[in-house]
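Down below is the structure, laid out as structure tokens.
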Amino acid sequence: MANKYLRKNVIPSAATETEFYVVPAANTAILRSLRVTNANATRTTITVSQYDSGSATEHFLLKSYPLPPNTTFDVFNGVPCVLLEGDELAVESLLSDCHFYLSYVEVDRN
């Protein structure tokens, strides 16, 4: 079992849910921080969702959250989120130019 400390970032298209991260096979992921920066001069609305492996059921971690212009927000606010093999994290912003930055640990179960 090895722990891998990783990061990932994305700037999704406006008003489009974007698959951001999927936990690889034989791994568990501990999401430590999901920072969102609205680099736009206008307020946007963000949504962060989680889908269980093989399921189309959306679980909202944050829904329709208003993010003021030129501000940064941590979705997890210091509380880690655990995802299992095949689980998916998806993000969406009403406007473009919204930056999502994920810090996480993958725990290899082999």
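Side chains included, hydrogens not; waters and symmetry mates left out as well; all remaining heavy atoms used. Owing to the predicted nature of the structure, the values given are computational and were not obtained by experimental measurement.
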Any Thr72 side-chain heavy atom under 4.5 Å of Val36 side chain: no
Contact check, side chains of Asp87 and Tyr51, non-hydrogen atoms, under 4.5 Å: no
Asn38 side-chain N/O to Pro68 backbone N/O, donor-acceptor pair under 3.5 Å: yes
Residue pairs passing the side chain to side chain donor-acceptor pair (under 3.5 Å) test where at least one lies in residues 93-102, sequence neighbours excluded: Thr44-Ser93, Asp97-His99
Asn27 side chain vs Glu106 backbone, donor-acceptor pair below 3.5 Å: no
Beyond-backbone contact of Thr42 with Leu95, side-chain heavy atoms, under 4.5 angstrom: yes
Single-linkage hydrophobic cluster, 4.5 Å side-chain cutoff, Leu34 and Phe73 together: yes
Main-chain N/O of Asp108 paired to Asn110 side chain as donor or acceptor, under 3.5 Å: no
Side-chain heavy atoms of Leu6 within contact of Val105, under 4.5 Å: no
Tyr5 ring center within less than 6.0 Å of Tyr104 ring center: no
Over 12 foreign heavy atoms within 6.0 Å of NZ, Lys63: no
Donor on one side chain, acceptor on other, Ser33 and Ser103, under 3.5 Å: no
Test item: Thr16 side-chain N/O and Ala14 main-chain N/O as donor-acceptor pair under 3.5 Å: yes
Nearest-0.5 Å distance that lies between atom SG in Cys81 and atom CD in Gln50: 6.5 Å
Gap separating the CG atom of Leu67 from the OG1 atom of Thr45, nearest 0.5 angstrom: 9.0 Å
Exercise: do Ser49 and Glu58 side chains pair donor with acceptor under 3.5 Å: yes
Donor-acceptor contact present, side-chain Glu85 to main-chain Ala26, <3.5 Å: yes
ILVMFWY cluster, Tyr65 and Phe100 together (side-chain gap under 4.5 Å): yes
Thr18 side-chain N/O to Phe20 backbone N/O, donor-acceptor pair under 3.5 Å: no
Check: Val91 and Ile46 side chains under 4.5 Å, non-hydrogen atoms: no
Tyr21 vs Leu102 side-chain heavy atoms within contact, under 4.5 Å: yes
Verdict with reasoning, Val48 to Phe60, per side chain to side chain contact (heavy atoms under 4.5 Å, CB included): CA-CA 6 Å; Val48 178; Phe60 294 107; over 6 Å; no
Least distance between heavy atoms, Pro80 atom then Ile30 atom: CB-CG2, 3.9 Å
From CZ (Arg43) to CG (Asn70), nearest 0.5 Å: 14.5 Å
Close side-chain approach of Leu84 to Val23, heavy-atom, < 4.5 Å: no
Any side-chain heavy-atom pair of Phe76 and Leu61 under 4.5 Å: yes
Same apolar cluster: Leu62 and Val82, side chain cutoff 4.5 Å: no
Pairwise distance CG(Leu31) to NZ(Lys8) - rounded to 0.5 angstrom: 11.5 Å
